[in-house]
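Scroll down for the structure; my scribbles are underneath it.
This chain uses plain numbering: 1 for the first residue, then up along the sequence.
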Amino acid sequence: MKKRISFVEPIALHLPKSKLIIGLLMVLGLSFSLYSFAYIVREAFRYVSLSYDYDLWLLSDEEVKFYNLVTAFIAVIISQSFCFAFWFNRPRRFRERRHFYFVSIVNDQMALNSCFLSWFSKLALVYAITLGVAPMFYVFSLYPDYRFVFVLHILFLKFSYYCSSHLKLIVILFLQSWTTIRRVFKRESLKWMLVSAVAVCVIAFGMSKINLIDYKELNEIALRKNVAHNYKLELPESDVFDAGTRVMLTKNVYLAMPKDQEGTEPYLIVDGVEVEMSALPALLEDWQSGFYDLDKQLLACRVCVDKSVKMKYVMRLKQQMARANVYRIYYAVVPRNPEYDVRYYNWLSFNTRIPSCYKDPELYREFCDRTSEFPNRIELSCKSSEILEINGESYDFKNAKNVLKKLIQNDLDYVIRLNVGYSMRYSDYFNVLLLSRKAVDEVKTDCAAEYFGKPIEEISEDELHEMSRLVPFRFAEYYEGFLQ
């Protein structure tokens with residue numbers, strides 16, 4: 001059998017020295033330009049994510065290094081692709097029969113760049129908008145769980161069938177830029193590809209160390225009015241809460257402790273500014289003046305109080321709110337065993353009302369007299385964080401709910417009166433309030449089964465109102481400070 005002899009001439013790349021140098025300079029300049037643009041856009045989206053309560057999309061040092069490295073790799077590989085197009089883009093020489101290979105390389109590079117930049121810009125925009133809306137950046141992050149998606153998607157289109165879906169971005173983009181060159185120049189291109197991989201890694205790692213903007217200083221500027229960042233603010237945990245409060249009709253009021261000082265008075269913060277307790281009514285009245293009369297009835301204060309604050313400060317706060325005719329109070333809470341960062345749950349609260357009598361000692365004295373006339377008066381006094389005294393007998397909190405439930409069921413014409421001491425902590429107060437609410441809810445559930453013959457979850461809205469009228473939540477606070 002005769003051996004076939006190929007007379008196909010090998011393809012040679014004759015690259016002038018000047019064009020080689022210009023291409024290398026193009027890689028460096030374009031890489032830095034793309035990296036700078038992506039860096040500034042990322043920081044701009046972070047700053048735009050600033051929420052109404054001065055919360056910001058924060059990135060840790062490790063996350064910044066990760067995003068910088070990914071951005072640098074993409075910028076260098078895209079710039080290298082443009083460089084390839086520049087090197088292989090030349091006019092056809094006289095009687096050159098295989099010029100179409102160079103045209104194919106140029107077309108593949110331009111198609112790769114346009115398709116990838118179009119796809120990546122759309123993906124980055126959706127990602128930035130989604131995470132730029134507070135508090136979604138506490139729910140999802142590409143770091144650390146999905147970091148390998150970026151690292152390997154820019155080496156493996158040919159081998160992506162065999163790779164995990166998490167191992168695809170930087171490796172794929174790099175290998176795809178060499179696909180046509182490898183097909184044309186065969187083995188000769190392997191050493192070029194090796195040199196290119198080393199150069200890309202060196203440039204990308206070096207450029208990722210450059211922080212064009214001091215992101216830590218940007219964080220400090222944006223978080224100057226963030227209470228959780230500047231003060232000690234640990235909210236109570238609750239498994240009973242209300243959601244969907246009207247943000248535009250709600251004013252955030254904070255009682256937070258200083259971070260580095262123990263045993264001092266809490267700070268009252270409104271709109272990111274420390275204010276005196278006596279100035280709160282004027283601030284709330286000024287806030288109410290911007291609403292219609294119908295909306296004023298729905299205005300509320302979302303009160304964020306650190307668990308260690310003494311109740312005398314909380315009661316003074318509620319008194320000042322009553323003097324400004326703001327009676328809806330939403331206690332900020334976080335769920336037990338939260339799935340995400342506790343700052344994500346800024347829409348959860350425990351809603352209740354302040355009696356209008358809090359603003360005047362005489363009215364409050366009459367209120368106390370009326371509550372003492374109920375036939376089923378349940379007196380509570382918190383002795384410690386574990387012991388609750390009910391009608392003079394001490395119980396631990398685990399059993400106190402069942403005791404309260406039985407006492408309420410004995411006579412539905414009841415009232416729960418909590419003796420609020422000056423030194424009582426807010427966390428203990430809230431635990432008593434939560435325990436009382438849960439006991440009343442269980443009584444409602446039993447009554448719904450008795451009166452309507454079905455679970456409370458299945459009764460109609462009218463039946464639910466009837467049940468609330470039959471078993472209302474009557475919780476009164478006895479505080480001697482209001483009588484002085």
Side-chain angles (χ1 to χ4, degrees), residues 236-242 307 311 314-315 318 329 331 333 336 350-355 357-358 364-457 459 463-483:
E237 297 179 347
S238 174
D239 47 11
V240 176
F241 39 74
D242 302 282
K307 294 198 295 187
M311 275 306 296
V314 180
M315 298 304 289
K318 294 198 284 188
I329 182 170
Y331 294 112
V333 297
R336 301 187 192 277
F350 186 99
N351 300 352
T352 183
R353 293 183 65 90
I354 300 174
C357 62
Y358 278 16
Y364 182 70
R365 184 175 284 104
E366 295 177 4
F367 170 77
C368 293
D369 293 338
R370 288 198 304 271
T371 56
S372 62
E373 296 174 357
F374 278 82
N376 185 12
R377 189 173 69 253
I378 305 172
E379 299 285 352
L380 303 182
S381 181
C382 188
K383 296 302 182 182
S384 68
S385 59
E386 298 179 355
I387 302 299
L388 179 64
E389 188 176 276
I390 304 176
N391 290 340
E393 298 185 11
S394 298
Y395 301 90
D396 58 33
F397 271 87
K398 295 181 180 179
N399 301 322
K401 185 184 69 172
N402 293 329
V403 175
L404 270 178
K405 179 181 176 182
K406 291 179 180 179
L407 291 175
I408 295 171
Q409 288 176 329
N410 290 338
D411 188 351
L412 296 181
D413 191 10
Y414 77 98
V415 65
I416 300 174
R417 291 210 320 176
L418 173 63
N419 183 18
V420 180
Y422 289 97
S423 60
M424 184 180 185
R425 294 193 310 168
Y426 174 69
S427 59
D428 296 333
Y429 162 80
F430 187 82
N431 286 335
V432 175
L433 179 63
L434 178 64
L435 182 144
S436 302
R437 173 81 169 268
K438 292 167 72 173
V440 173
D441 288 345
E442 290 188 9
V443 173
K444 283 184 180 180
T445 302
D446 295 343
C447 289
E450 180 181 351
Y451 281 82
F452 303 108
K454 52 187 175 181
I456 194 169
E457 295 82 6
I459 64 177
E463 292 172 338
L464 186 61
H465 286 304
E466 177 65 21
M467 188 54 56
S468 297
R469 187 193 63 80
L470 181 66
V471 189
F473 180 58
R474 297 196 189 100
F475 186 88
E477 301 162 352
Y478 179 76
Y479 178 64
E480 290 185 358
F482 285 167
L483 300 176

Fill in: Non-neighbouring partners of Y395 that pass side-chain hydrogen bond (donor to acceptor under 3.5 Å, both in side chains), sequence neighbours left out
E393
Fill in: Residue pairs, two or more places apart or on separate chains, that pass salt bridge (charged side-chain N to carboxylate O under 4.0 Å, His left out) and touch residues 415-429
E379-R417, R425-D428
Worksheet item: Do M311 and L418 have side-chain heavy atoms sitting under 4.5 Å apart?
Response: no
Discussion item. Test of understanding: with ring-ring contact (aromatic ring centres under 6.0 Å, His included), list the residues that count as partners of Y358, not counting sequence neighbours.
Written reply: Y364, F482
Worksheet entry | Steps toward side-chain contact (heavy atoms from CB on, under 4.5 Å) verdict (V420, V314) | CA-CA 11 Å; V420 180; V314 180; over 6 Å; no
Worksheet entry | Candidate pair E386 and D396, rule side-chain contact (heavy atoms from CB on, under 4.5 Å), full reasoning | CA-CA 6 Å; E386 298 179 355; D396 58 33; 5.6 Å; no
Worksheet item: In terms of heavy-atom contacts, does NZ of K406 have more than 12 from other residues, nucleotides or ligands at under 6.0 Å?
Response: no
Discussion item. Quick check on the 6.0 Å ring-centre criterion: do F241 and Y331 meet it?
Written reply: no
Worksheet entry | Residue list, salt bridge (charged side-chain N to carboxylate O under 4.0 Å, His left out) with D239, at least two apart or on another chain | R336, K438
Item to complete: Would you give the length of the straight line joining atom NZ of K307 to atom CD of E237, rounded to the nearest 0.5 angstrom?
Response: 5.5 Å
Worksheet item: Do Y414 and L407 pass the side-chain contact (heavy atoms from CB on, under 4.5 Å) test, and can you show the C-alpha distance, the side-chain angles, and the key distance before you say yes or no?
Response: CA-CA 9 Å; Y414 77 98; L407 291 175; over 6 Å; no
If you look only at distance, which donor and acceptor atoms sit under 3.5 Å apart when one is on a side chain in residues 444-452 and the other is two or more places apart or in another chain?
from: T445; atom 1: OG1; to: D441; atom 2: O; distance (Å): 3.0
from: D446; atom 1: OD2; to: K405; atom 2: NZ; distance (Å): 3.1
from: D446; atom 1: OD2; to: Q409; atom 2: NE2; distance (Å): 3.2

Worksheet item: Are side-chain heavy atoms of V403 and L388 found at a separation under 4.5 Å?
Response: no
Fill in: Residues in side-chain hydrogen bond (donor to acceptor under 3.5 Å, both in side chains) contact with D369, at least two apart in sequence or another chain
none
Practice prompt. Please name the residue in the list F367, Y429, Y422 that meets the ring pair (Phe, Tyr, Trp, His ring centres under 6.0 Å) test with Y479.
Written response: Y422
Discussion item. According to salt bridge (charged side-chain N to carboxylate O under 4.0 Å, His left out), who are the partners of E366, at least two apart in sequence or on a separate chain?
Written reply: none
Worksheet item: By side-chain contact (heavy atoms from CB on, under 4.5 Å), which residues pair with P472, not counting sequence neighbours?
Response: R474
Worksheet entry | Approximate separation, where rounding is to 0.5 Å, of S238 OG and R437 CZ | 8.5 Å
Fill in: salt bridge (Lys or Arg N to Asp or Glu O under 4.0 Å) between E466 and R469, intermediate numbers included
CA-CA 5 Å; E466 177 65 21; R469 187 193 63 80; 2.6 Å; yes
Practice prompt. Look at the rings of F475 and F473 and say which category their plane angle falls in: under 30° parallel, 30 to 60° tilted, over 60° perpendicular.
Written response: parallel
Discussion item. For D411, give me all partners under side-chain contact (heavy atoms from CB on, under 4.5 Å), at least two apart in sequence or on another chain.
Written reply: P375, N376, D413
Discussion item. For a 4.5 angstrom cut-off between non-hydrogen side-chain atoms, does L380 reach L404?
Written reply: yes
Worksheet item: What do the steps show when you test V415 against I378 for side-chain contact (heavy atoms from CB on, under 4.5 Å), and what is the final call?
Response: CA-CA 6 Å; V415 65; I378 305 172; over 6 Å; no
Worksheet item: In Å, rounded to the nearest 0.5 Å, how long is the span from CZ of F350 to CG of L434?
Response: 6.0 Å
Worksheet, complete the sentence: When every non-hydrogen atom of C382 is compared with those of M424, the smallest separation belongs to CB-CE, 3.6 Å
Discussion item. Could you check whether any side-chain N or O of N351 sits under 3.5 Å from a backbone N or O of D242, counting only pairs where one atom can act as donor and the other as acceptor?
Written reply: no
Worksheet item: Can you name the closest pair of heavy atoms from C368 and Y478 and give their distance?
Response: SG-CD1, 3.7 Å
Practice prompt. Start with the C-alpha distance between N402 and N399, add both sets of side-chain angles, then the distance that settles side-chain hydrogen bond (donor to acceptor under 3.5 Å, both in side chains), and finish with yes or no.
Written response: CA-CA 6 Å; N402 293 329; N399 301 322; 5.2 Å; no
Practice prompt. Return the set of residues passing side-chain hydrogen bond (donor to acceptor under 3.5 Å, both in side chains) with E389 (not counting sequence neighbours), or none when no residue passes.
Written response: none
Fill in: Any side-chain heavy-atom pair of T371 and R377 under 4.5 Å
no
Discussion item. Within this structure, what is the CD-CG distance for the pair E457 and L464, rounded to the nearest 0.5 Å?
Written reply: 10.5 Å
